[in-house]
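Take a look at the structure below.
Everything numeric in this text was worked out from a predicted model, so none of it was measured. Remember, it's 1-based here, ligands and their atoms both numbered in the order they're listed.
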Amino acid sequence: MIPFNKPYCSGREMSYMAEVCHSMTMSGNGDYTKLCHGFFEKRYGFKKCLLCTSGTDALEMCAMLCELKPGDEVIVPSYTFVSSAIAFLREGAYVRFADSGKENPNITADIIRPLINEKTRAICVVHYAGVACDMDAIMQLAAEHNLIVVEDAAHSIDAYYKERPLGSIGHLSAFSFHETKNISCGEGGMIAINDERFIRRAEILWEKGTNRAEFYRGMVNKYGWCDMGSSFLPSELNAAFLWAQLEQIEDIQSKRLHIWNAYDKGLRGQTLADGIKVMPELPEYATNNAHMYYLLCPSLAVRTRFMNYLKNNGVQTTFHYLPLHSSTYYNDKHDGRVLAECDRYGETLVRLPLFYELTDEETEKIIKLIKKYK
Ligand SMILES: *Cc1c(COP(=O)(O)O)cnc(C)c1O
């Protein structure tokens, strides 16, 4: 069976982790954490980065920084992972779910605009499959209404919008290094803070509510409890693993792009049975970070049949998000609007295997099988 995903180890992960064990400083915010922060701040120009133990944690930090009050509202796509919504719900906000666009699962300024009311405080955008949302229009809309924009950049490492790295455009953004993402350390994440007014508080939340970061920099002579917080920072063991992956980012990305391009060359423009289509073309403002290659089926029944066909021929594929607005947890909290595009992606999207060690022969096999599907 060709699996849908297989985590990749570049080779140095184990030796860096062994070094951390021998150094006897295994808790967070050590040398490897600082190397990772520096990498992101330099390569992508994020103003301030803080590693977290997951993308979920990073989103929770973003939500805490929004300083939401009960009754405040946050606009979140329904076609996303639960964490994009839970982060804001935990802060007492109401989540108003937005439908996906017709072109791709991303939300757009036109979809967001009618959902804004006097209680709206923030917009969370998800760049689905690492394909940028149209950020100029969204940032302008947010500025008109004085809203904070959080980018859920969990899929979006090394992807760009009009030459600007994703995660550098919103006020705050969250990355994930879960094992299913391009760059991974098992479980891991990072918050990027682009608006300076949030930096000081972000450091305090990250340091469990204390001003320890300022103490370490010699700015205060003792540190203490000054705000809310939690233990958001990962151990040096995770940071060491992540650093080994970041050192290999060019190699990892070029391998993933190679596979993505092979799928696209083999499948785009072909007439596939049952009206199955390849993932939409990228908008002209977006680059491709090869996070995902997906197909769209015309119905749930076709998708089930198609996925079973691939499985019976030794290829594991997966569908993706179940719409959040109609989940058992949120169904009775949702405002009742029909989110038809989100439902469509929920029922028809299929993701193909895409991981570093997928060979050319395996990719060819998958393409051939898809073309032979009747
Ligand atoms: C993976 C993912 C997350 C959560 O990241 P974790 O690191 O698994 O906590 C959040 N949002 C989206 C869109 C994701 O794909």
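In this structure, atom 9 (O) of ligand 1 lies nearest to the protein heavy atom Thr56 OG1, 2.5 Å. For atom 10 (C) of ligand 1, the closest non-hydrogen atom of the protein is Asp152 OD2, 3.6 Å. When hydrogens are left out, the protein atom nearest atom 3 (C) of ligand 1 is Phe81 CD2, 3.7 Å; that is the closest non-hydrogen contact. Distance from atom 15 (O) of ligand 1 to its nearest protein heavy atom, with residue and atom name: His155 NE2, 2.8 Å.
Considering His291, Lys181, His178 only, the shortest heavy-atom separation from atom 1 (C) of ligand 1 involves Lys181.
Of the polar atoms of Phe177, none of the N or O atoms is found under 3.5 Å from an N or O of ligand 1, judged by distance alone. Some N or O of Ser176 is nearer than 3.5 Å to an N or O of ligand 1, by distance alone. Taking distance alone, with nitrogen or oxygen atoms compared against 3.5 Å, Glu187 stays at or beyond that limit from ligand 1.
Of all atoms in ligand 1, listed by their number and element, those nearer than 4.0 Å to a heavy atom of Thr80 are 13 (C). The contact set between ligand 1 and Ser54, taken as ligand atoms under 4.0 Å from a residue heavy atom, comprises 7 (O), 9 (O). Remark: ligand 1 atoms within the under-4.0 Å shell around heavy atoms of Gly188 are 7 (O).
Enclosure of atom CZ in Phe319 is not indicated, since only 12 or fewer non-hydrogen atoms of other residues, nucleotides or ligands lie within 6.0 angstrom.
In this structure, Tyr321 is part of the shell of residues with a heavy atom less than 4.0 angstrom from ligand 1. Contact between Ala174 and ligand 1 is absent, with no heavy atom of the residue lying under 4.0 Å from the ligand.
Side-chain atoms of His325 and Ser78 include a donor-acceptor pair closer than 3.5 Å. A donor-acceptor pair shorter than 3.5 Å cannot be found between the side chains of His127 and Tyr161. In this model, a donor atom of one side chain and an acceptor atom of the other lie less than 3.5 Å apart for Thr120 and Asn117.
Screening Ile112, Val126, Leu115 against Ile107 for a side chain to side chain contact (heavy atoms under 4.5 Å, CB included) leaves a single residue, Ile112.
The residues Arg12 and Glu247 are annotated as salt-bridged, a charged nitrogen and a carboxylate oxygen being separated by less than 4.0 angstrom. Using a cutoff of 4.0 Å between basic side-chain nitrogens and carboxylate oxygens, Asp72 and Arg121 are scored as salt-bridged. Taking a cutoff of 4.0 Å between a charged side-chain nitrogen and a carboxylate oxygen, Arg43 and Asp158 qualify as a salt bridge. Salt bridge present: Arg217 and Glu203 bring a charged side-chain N and a carboxylate O closer than 4.0 Å.
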